[in-house]
Number of protein chains: 2
Amino acid sequence: MNLVPNLVVDRLPVYLRALNVLEAEGKKTVRSEELGPRAGVNPELVRKDLSYFGRFGKQGRGYEVVALQAELRRLLGTDRQWSMVLVGAGHLGRAILAYPGFVSEGFVIIAAFDTDTSLIGELISGMRVRPAGELVSFVQSRRVDIGIIAVPPAAARRTAEVLHEAGIRAILNYAPVMLRLPPGLLVRNVDPVIALESMTFWRSHEVA
Amino acid sequence: MNLVPNLVVDRLPVYLRALNVLEAEGKKTVRSEELGPRAGVNPELVRKDLSYFGRFGKQGRGYEVVALQAELRRLLGTDRQWSMVLVGAGHLGRAILAYPGFVSEGFVIIAAFDTDTSLIGELISGMRVRPAGELVSFVQSRRVDIGIIAVPPAAARRTAEVLHEAGIRAILNYAPVMLRLPPGLLVRNVDPVIALESMTFWRSHEVA
DNA sequence: CCGTGTGAACAAATTCACAGCC
DNA sequence: GGCTGTGAATTTGTTCACACGG
C-alpha cells in the first residue's frame, strides 16, 4: 500500500466529506460525474483514485453512497476510534476541546495538558486540565495515537519532541511553525495564515 | 504571473515561515541547503521555486534572510493589510478572534457577525458581535478582502453565497464541508479532520 | 571555491479515450 | 445506453548536473 501516491490519499477524506453530504441528502448512488465536482476534482480523477483500492462502482450505475462511505472509512481507519491528547489549553485549546467534528469521525481527546499552573485542574468542555509534567507518564500508560499541539510557537518544537519521545507517532500541529520531523513521525499542520497567504498571492497578481 | 504553478505558490508561505524563524535566531544569510529542510522540501526545489520570481540569492553566499523575507511578503501581498470579516461567533469564532497570528502577518478582522441574538452586542476579544442581517450592507460599505466562515456545517454554503454576493472574492472556510466555488471565488479550507485522516490512513496500512 | 540559477532528464500526476460490464 | 475501470498519452512537477557569478 506504499505504492499509493500521497496526493491520492489526501483526497480520500475529501471524497468522504462529499459522500457524507450526499448521504444526508438521501442520495442512494452517485456517479463520478457528480462526486468529482463535489470534491473539487474532475470525474476521471475520482475513478482513478478509487481504483487504487478496489472496484467499488458498478458500470452503468455509479457508486452506492453508503457502501463507498464505509469503504473509505475502512481505508482511512476511521472505522475505529483514535485517541488523542491535547497540549495547550489556551484559546485555541479550548476551541479544539469544544470542536464537535472530531468525535463524530472517531477522534477522541482523552486528556488535556498545560504548563500554566493557573489553568491546571480547570474544567474545559468537561475535560480537566492536567499539568504538563504528567504528559509523558500519561502517554506511556495509555494507548494514545495522536498528539495535538496548541501551544505558543516558541514551545512547539519542544512539545513535539516530548510527544515523540513518549511514543506518539502522529501530530496535529496548530502552532505556526514548521516542525522538523524525525523519521517515522507524521505531522500535519493546521495553519490558517498559510491558507490566507496562498489566496492573497493570487489577489495581488491579478491582471484586472 | 499565471504561469507560476499552484504548488509553487503554496510553498512560498512555508518558506516565509522558515525565514521568520531564521530571523528570530539572528541568522543573516541562509543557503538553500538549510532553508529547504526547514520548509520540508529539498534545496534544489527552493532554488527552482524562487527562480520563478527573480534572482534573490548570491552565488557562494546564499540568500539574505531579511531581504528574502521582504521579497516573499511583497509577492504574497502581506506587505499590506488585508481586512476580514468573521461570520460565526461560537467557540471557533472566539478562538479565531483571539488568534494572535493574523494581525502579525497583516490580516485584520474588522467585524464579527452571528445569527444568534443572544450573542449580538457581546464583546469578544474587544470585538462587538453584529447581527448577521447587517453583513451585506457592512461589506458593501467597506473594503473587505476576505470572509471567514465559522458557522455550523449546515449554514456554511449559504454563508459563502451571501459573502460572495456581497462582493467578497476570498473565503477562509472553517466549516467541515466542501464549498462548490463559483468562478472567481477563492476558497481555502481549514479542516483538522481531513488532516487527521490523511495520517490515520498511513497508520492503518503500516507493514509493521 | 561555494552555492545559485537553470536547461535538460526524469518522475509523477492527471487527463484522455475506450474496452468491458451492468 | 451509461458509467466504471484502466492502459496510454499528455501534462505537470521535481531532481539532476553543471555553467557561471561573487
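These numbers come from a predicted model, not from an experiment. Every heavy atom of this structure was used, including side-chain atoms; hydrogens, water molecules and symmetry mates were not.
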Minimum-distance pair of heavy atoms, taken over all atoms of [X] and [Y]:
X       : Y       : value
G147(B) : L163(B) : CA-CD1, 4.1 Å
I109(A) : I96(A)  : CD1-CG2, 3.8 Å
A150(B) : Y174(B) : CA-CB, 4.5 Å

**OP:** Give me the residues of residues 12-28 of chain A where at least one heavy atom lies under 4.0 Å from an atom of DNA chain D, by number, or none.
**Re:**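 Contacts with DNA chain D under 4.0 Å: none.
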
Judged by atom type as modelled, is there a donor-acceptor pair below 3.5 Å linking the side chain of [X] to the main-chain atoms of [Y]?
X       : Y       : answer
H164(B) : A160(B) : no
T200(B) : L76(A)  : yes
R203(A) : R169(B) : yes
D145(A) : S83(A)  : yes

**OP:** Could you tell me whether K48(B) and E44(B) have a side-chain N and a carboxylate O separated by less than 4.0 Å?
**Re:**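 Looking at K48(B) and E44(B), the cut-off is not met.
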
[X] side chain near [N] phosphate (N/O to OP1/OP2, under 4.0 Å):
X      : N       : value
S32(A) : dT4(D)  : yes
R31(A) : dC3(D)  : yes
R55(B) : dG21(D) : no

Whole-Å gap separating [atom2] ([N]) and [atom1] ([X]):
X      : N       : atom1 : atom2 : answer
K58(A) : dG5(D)  : NZ    : P     : 10 Å
Q59(B) : dA19(D) : CD    : C1'   : 10 Å
E64(A) : dC3(D)  : CD    : P     : 16 Å
L68(A) : dT4(D)  : CG    : C1'   : 13 Å

Original post:
In this structure, are over 12 heavy atoms from other groups packed under 6.0 Å from R188(B) atom CZ?
Top reply: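 Enclosed.
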
Subject >> CZ/R61(A): more than 12 non-hydrogen atoms of other groups inside 6.0 Å >> reply: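 Atom CZ in R61(A) is not packed in, count stays at 12 or less.
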
Subject >> Evaluation steps, side-chain contact (heavy atoms from CB on, under 4.5 Å), between V85(A) and I110(A) >> reply: CA-CA 6 Å; V85(A) 294; I110(A) 62 169; 4.2 Å; yes

Original post:
So where does chain B start and stop touching DNA chain C, 5' to 3', when the test is distance under 4.0 Å to a non-hydrogen atom?
Top reply: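 First and last nucleotides in contact are dC2(C) to dA8(C).
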
**OP:** Encode nucleotides 10-18 of chain D as B, S and - characters from 5' to 3', where the letter depends on protein heavy atoms closer than 4.0 Å: B to the base, S only to sugar-phosphate, - to neither.
**Re:** ---SSB-B-

